[in-house]
Amino acid sequence: MRKKQKRTSSKWFLVVILFLSLVGIVLCSQTLFQKQEIMNSEKPKIQVIDEESKSRPYAVMINNLSVARKYHSGLQDAYLVYEMIVEGGITRFLAIFQDTDTSVIGPIRSARPYYLDYVMEHDAYFVHWGFSEEAKKDIKTYGIQNLNGLYQDRYFWKDRTLPVATEHTAFTSMEKLKQGIHDSSYRNIRKGNFLFSYSSEEVNLEEGSTANVIEIPYSNSSVTSYRYNQETKLYERFVNQEPHVDYVTKKQYTAKNIITYQVKNTSIDSYGRQKLDTVSKGEGYYITNGVAKKIMFEKTSRSGKTKYTYLDGTEVVLNDGNTWIQIQPTSQSFIITE
């Protein structure tokens with residue numbers, strides 16, 4: 001009997017030891033998991049976009065005629081803006097918004113076909129008021145999901161109080177655009193990754209040139225320029241030497257990143273509408289934190305993503321912040337000064 005009790009005691013001892021070991025493993029695992037959670041929470045997040053977001057962005061055509069420019073609203077909320085030439089030597093913007101709640105965006109203007117090439121590389125919804133015949137055909141050909149104020153004005157409004165012609169008074173909001181997307185039953189999930197990678201740590205370009213003042217002419221009547229503010233580490237934006245100011249906030253627009261390059265443009269009709277050779281490659285500059293560095297760009301198809309690399313072939317990674325992409329005509333020069 002004593003021997004049997006001894007064996008029973010040994011068994012219970014082993015069970016207790018095993019139980020305590022399992023408890024230790026569980027507690028250790030929880031500790032490691034908690035440490036990992038802390039490490040992940042301490043990792044800086046990109047502020048300009050949510051890199052984990054799968055929602056589709058909105059690409060909005062913005063009027064940049066001189067009489068409309070003073071009413072620009074909401075552009076600082078766009079994480080990326082393209083500027084390209086249209087007829088008459090003026091430019092228009094394509095502003096890309098991702099997961100914002102911007103209450104006023106505009107003034108909104110009509111589409112031109114080459115802007116669609118940059119809508120597609122973001123897999124964005126396209127927002128505009130009217131279109132050229134070429135743009136109208138391409139929207140249908142490429143199946144671009146769009147909201148057009150010409151036919152869907154309930155998702156827009158016109159501010160009749162502004163002292164300009166009615167075609168310069170169209171605005172919208174993210175609330176209205178989201179309702180329009182919902183009503184249209186458009187696809188919600190974005191295909192592919194964001195166009196750029198971003199760094200939460202400051203990117204300070206090496207082997208570049210000092211870039212405190214940048215001048216980017218589009219024509220004799222339209223010159224975009226930037227001046228670097230060393231305190232904020234942002235570029236303050238100007239048009240024809242005048243500060244580019246938001247109508248709602250009254251604040252001057254700024255950029256953390258600037259990319260500039262040139263593509264060939266030709267007039268396609270008597271009105272002066274343009275054709276831009278967006279499917280091309282060449283050299284340009286990435287500008288940030290007071291430094292400009294030469295890069296290469298290449299777009300191999302209208303719907304494909306533009307690839308941006310340094311001359312050694314490494315990917316251009318942007319500073320965390322908003323970006324303006326200035327696509328000039330090849331007939332224009334580009335000026336960087338200290």
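Position 1 is the first residue of the sequence; numbering continues from there.
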Checklist line | Lys NZ or Arg CZ of Lys176 over Trp157 ring: under 6.0 Å, within 45° | finding: no
Next item on the list: Going by the side chain to side chain contact (heavy atoms under 4.5 Å, CB included) test, name the single residue among Ile105, Asp159, Ile108 that passes it with Phe171.
Entry: Asp159
Note to self: Tell me which pairs pass ring pair (Phe, Tyr, Trp, His ring centres under 6.0 Å) where either residue lies in residues 51-75, with sequence neighbours left out.
What the structure shows: Tyr58-Tyr125, Tyr71-Tyr247, His72-Phe93, His72-His244
Note to self: Give me each pair satisfying ring pair (Phe, Tyr, Trp, His ring centres under 6.0 Å) with a member in residues 263-285, each pair once, sequence neighbours excluded.
What the structure shows: Tyr285-Phe334
Polar side-chain atom of [X] near backbone of [Y] as donor-acceptor pair, under 3.5 Å:
X      : Y      : answer
Asn148 : Gly130 : yes
Asp246 : Val248 : yes
Gln274 : Gly272 : yes
Asn265 : Lys275 : no
Gln328 : Ser333 : yes
Ser184 : Gly180 : yes

Are the side chains of [Y] and [X] in contact, using a 4.5 Å heavy-atom criterion?
X      : Y      : result
Thr323 : Ile325 : yes
Leu116 : Tyr142 : no
Pro113 : Ser132 : yes
Leu177 : Leu147 : yes

Give a yes or no on whether [X] atom [atom1] has more than 12 heavy-atom contacts from other residues, nucleotides or ligands under 6.0 Å away.
X      : atom1 : answer
Gln179 : CD    : yes
Lys250 : NZ    : yes
Lys293 : NZ    : yes

If every non-hydrogen atom of [X] is compared with every non-hydrogen atom of [Y], which pair is closest and at what distance?
X      : Y      : value
Trp324 : Thr254 : NE1-O, 4.1 Å
Ile62  : Ala95  : CG1-CB, 4.2 Å
Arg190 : Ser55  : NH1-O, 3.3 Å

Checklist line | Parallel, tilted or perpendicular, as decided by the 30° and 60° cut-offs, for the rings of Phe131 and His128 | finding: tilted
Output side-chain donor-acceptor pairs under 3.5 Å for residues 77-89, partner residues at least two apart or in another chain, one line each.
from: Asp77; atom 1: OD2; to: Thr102; atom 2: OG1; distance (Å): 2.8
from: Tyr79; atom 1: OH; to: His122; atom 2: ND1; distance (Å): 3.4
from: Tyr82; atom 1: OH; to: Glu121; atom 2: OE2; distance (Å): 2.5
from: Tyr82; atom 1: OH; to: His122; atom 2: NE2; distance (Å): 2.8
from: Glu83; atom 1: OE1; to: Thr224; atom 2: OG1; distance (Å): 2.9
from: Glu83; atom 1: OE1; to: Arg237; atom 2: NH2; distance (Å): 2.7
from: Glu83; atom 1: OE1; to: Gln326; atom 2: NE2; distance (Å): 2.7
from: Glu83; atom 1: OE2; to: Thr91; atom 2: OG1; distance (Å): 2.7
from: Glu83; atom 1: OE2; to: Thr224; atom 2: OG1; distance (Å): 3.3
from: Glu87; atom 1: OE1; to: Arg112; atom 2: NE; distance (Å): 3.2
from: Glu87; atom 1: OE2; to: Arg112; atom 2: NH2; distance (Å): 2.7

Note to self: Running the 4.5 Å side-chain criterion over Ile, Leu, Val, Met, Phe, Trp and Tyr, what cluster does Met296 land in, apart from itself?
What the structure shows: Leu311
Next item on the list: Any pair with a residue in residues 217-235 that passes salt bridge (Lys or Arg N to Asp or Glu O under 4.0 Å), sequence neighbours left out, goes on the list, sorted by first then second residue, please.
Entry: none
Next item on the list: State plainly whether the residues Lys191 and Asp123 are in salt-bridge range, i.e. N to O under 4.0 Å.
Entry: no
Check: Salt bridge check: are Lys256 and Glu202 linked by an N-O gap of less than 4.0 Å?
Finding: yes
Margin query: Measuring centre to centre across the rings, with the benzene-like ring taken for any Trp, is Phe297 within less than 6.0 Å of Tyr261?
Written below: yes
Checklist line | Contacts of type side chain to side chain donor-acceptor pair (under 3.5 Å), residue Ser219, not counting sequence neighbours | finding: Ser221
